[in-house]
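Each remark here refers to the structure printed beneath this line.
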Amino acid sequence: MTNKITLRSDNMMMGLFALAILTMPIWLMPIGASYPDLMQKFAIFGIFAIGFNILFGLTGYLSFGHAAFLGVGSYTAVWSFKLLSMNVVPAVIFAVIVAGAFSFLIGFISLRRSGIYFSILTLAFAQMSYNLAYSVLTPITNGETGLQLAKSDPRVIDGLFVEAGAGIPSTNFFGIPMSGYSGFYFCAVLLIIGFYISLRITRSPFGMMLKAIKSNQNRMSYTGLNTRPYALTAFVISGMYAGLAGSLLAVTDPLAGAERMQWTASGEVVLMTILGGVGTLLGPMLGAVIIKYFENIFSAFNETLLNNIFSFLPEGLQEVVVSVVGLFVGEGWHLTLGILFMIIVIYLPGGLVEGAQRIRDFVGRKRQKKTSEAHQPQIAE
Amino acid sequence: MDEIKRGVSRRGVLKGGTALAAGLAAPTFFMRNVFAQDFRNNPGDGGTVTFGFNVPQTGAYADEGADELRAYQLAVKHINGEGDGGLLNTMQPLALKGDGVLGKKVVYVTGDTQTKSDAARASAKRMIEKDGVIMYSGGSSSGVAIAQQSLAQEMGVVFMNGLTHSNDTTGKDKRRYGFRHFFNAYMSGAALGPVLEAEMGKERRAYHLTADYTWGWTQEESIKNTTEGLGWQTANAVKTPLGAGDFSQYITPVLNSGADVLILNHYGKDMINSLTQAVQFGLRDKQVNGKDFQIVVPLYSRLMAQGAGENIKGIFGTTNWNWSLQDAGSQAFVKSFGQEYGFPPSQAAHTCYVQTLLYANACQMAGTFYPPEVIKALEGFEFDGMGNGKTLYRAEDHQCFKDVLVVKGNENPTSQFDLLEVVQEVPRSQVEYDAGIFGGELGPYEV
């Protein structure tokens, strides 16, 4: 870390981050990603990954069960829509609280172990929650079909203020509907707040303690410090972030399915974090954007589209190129993602943020060289 | 930390950020009003209209999804007047002219549902928000279909269900913007009952293995009602997770349960696996209660029969449609599908093809793409020449009513596709039911 971290540079970063997020609809246009649903996903999974990074990036505890908190958040939010109000505020608040309580329970047990045992424990808990949601708790979760709103839901608070309309009402933030662009801005604002909190945690003495746990937990114990409360706090905070992300999924699309809690979903957030850069502030967000982009855009490429793209090639060559490229898009998007992931883990263990760092260093060195060269008198110039 | 005094204050950044957010948000709100449409994704004066085809390309139902996609592509061709016209030649009454829909050429986008509700809705939203589809269609899992159908209602874009067999799709989860041509579990039960009685008698003990989601539940319920009506007993009904792969732990208990019929409420690769394992465990060679042990697969498809190979011989079930039907519509469809792809279509392909044509035809009849008008054109629409005889789109629940086929795994197939033998074409009147029995509400036309 050669760069001096100052409050000023942090504020700079915060400002730039907020600007980048809020202008997403503009700069994502050229790559075809500027439609509300995908941008909502960017923001939501950004929150999820940033929260996950507070645990994994700072304390080094690799949780393989974070999707459970995401799912709990979603179910809580949908139940809040069903029972209380279509306003998203109670849904978000309850989801964060319930996910926090749930992660306290799981964290309290799982954090008795560290390393691989901790990962396995969280994985087991998440899989257990998934199976519970899938079959045992069907009355609460509606199993595989997913929990949905119905017209006959009580909606106690809404019932006091407004007359029921003809259809199922939509989620709203004091009257602003939470689908489309307004839904995105709602998620984006929460993402920026979440990012700011994560930044403050990283820079705080508490964050320092978490990093100390990562670097050498034994030494911390020998100095007489009980690290578990710190790790548990980090676990609960990241569980709350996951709950927030889960509730936002329900806010933008009021449906909660058990597959949100499956281990693949837990693995996805690990991938996002590693892809972007573990322990960095911006990395997880970056990873989330890339994975969601691949999932939504690459998976939609079909043969006709490819043929259009490569129509400038001569006929025989076009067929060959289309059939080769076709393997990596459409249903083969996992393959592309896998290759990208391998390349990054092998060559850039620090994720994309490390890549950016290296490029900056490279350019910086060149410039330095240039300035030092400039000091020497040169006739050609 | 002497830097604190210098530079931008936190307060300043926050203030600036908020102002920026408001500034950025404002144009999008105004823009929405400037481009206000009378309905979502109005094709307006453009020369094309976009359909979305959202099918499972990965997961337990991927085979069906691939065949559905072929059918959709064929349907688009025929609507645009390319190829041999397919069912446009046999459909009665027909408003389409083979020049697209209302003079606009049809183009399409595709997506992968991954047989997951979340992924399907994300994919559907991409189609609606980014690609501007006027209608989307797809299927192969009822859970996913129901999730997409409720999205259709929220977004105000019509969803034409592909393969979905749960009673809930047009029962308690029906929606004004969702339509189903495929038959359902109730009809399977009603059609299968008399045949089972004739083949297996009135004193049987049935054991159910059921895919654990909406379709499995309703099929188990419908079949149970039918068999118990015949006087059969139900030994047990066990739920199995979707995409389980290995069913041996569920099949072993069947042997000791005293049951003499195994009913597999499975579909796709799940059915292939469970049936193959049941046969490998020697269930069919057993004698229980002095009777031959029997297996029934209430919902059958040729693709599954292909996957299960020898094991399906003599096993009873129902299908929506089979390529061996001899009416003009079926023949025309098999011919154009065969010419295009070199093999006969599955029932999934058939229902998806028909759904696309029905939607296009309804737009042509309504003279507009405005969804409420299109929906009204489809409701109560009666047509013929699409492969199942006279068919009615019932207005009360958006369910099609038509003849149902009871089939049996062919003992002596003449080709690799000749796998199902039609035992009986059960007439529509025998499978009809009252629209009110499953509850649910369609919801409003305008959203």
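Each chain gets a letter, A, B and so on, in the order its sequence line appears, and its residues count up from 1.
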Set of residues satisfying salt bridge (charged side-chain N to carboxylate O under 4.0 Å, His left out) with respect to B:Lys174, sequence neighbours excluded: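 Not a single residue meets the salt bridge (charged side-chain N to carboxylate O under 4.0 Å, His left out) criterion with B:Lys174.
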Winner by heavy-atom pair count (cut-off under 4.5 Å) against chain A, out of B:Asp131, B:Ile146, B:Asp112: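 Most heavy-atom pairs within the cutoff with chain A belong to B:Ile146.
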Interface residue of largest heavy-atom contact number with chain A, from B:Gln73, B:Glu129, B:Gln57, under 4.5 Å: B:Glu129
Residues 31-43 of chain A side chain polar contacts: donor-acceptor under 3.5 Å, at least two apart:
residue, atom, partner, partner atom, Å
A:Asp37, OD1, A:Lys41, NZ, 3.3
A:Gln40, NE2, A:Gly180, O, 3.0

Which atoms of A:Thr138 approach chain B - backbone, side chain, both or neither, heavy atom under 4.5 Å: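 The answer is the side chain of A:Thr138.
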Interface moiety of A:Leu149 toward chain B, non-hydrogen atoms closer than 4.5 Å: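 When you check distances to chain B, only backbone atoms of A:Leu149 fall under 4.5 Å.
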Contact class of B:Thr110 relative to chain A, heavy atoms under 4.5 angstrom: both
Which portion of B:Arg175 sits near chain A, non-hydrogen atoms under 4.5 angstrom: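 Contact with chain A is through the side chain of B:Arg175 alone.
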Residues that A:Asn142 engages under side-chain contact (heavy atoms from CB on, under 4.5 Å), provided they are two or more places apart: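 Partners of A:Asn142 by the side-chain contact (heavy atoms from CB on, under 4.5 Å) criterion, ordered by chain and then number, come out as A:Thr145, A:Leu147, B:Trp217.
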Atom pair CD (B:Glu441) and OG (A:Ser152), whose distance is rounded to the nearest 0.5 Å: 8.5 Å
B:Glu154 vs A:Asp253 side-chain heavy atoms within contact, under 4.5 Å: yes
For chain A, which residues of residues 113-125 of chain B have heavy atoms nearer than 4.5 angstrom: B:Gln114, B:Thr115, B:Lys116, B:Ser117, B:Asp118, B:Arg121, B:Ala122, B:Lys125
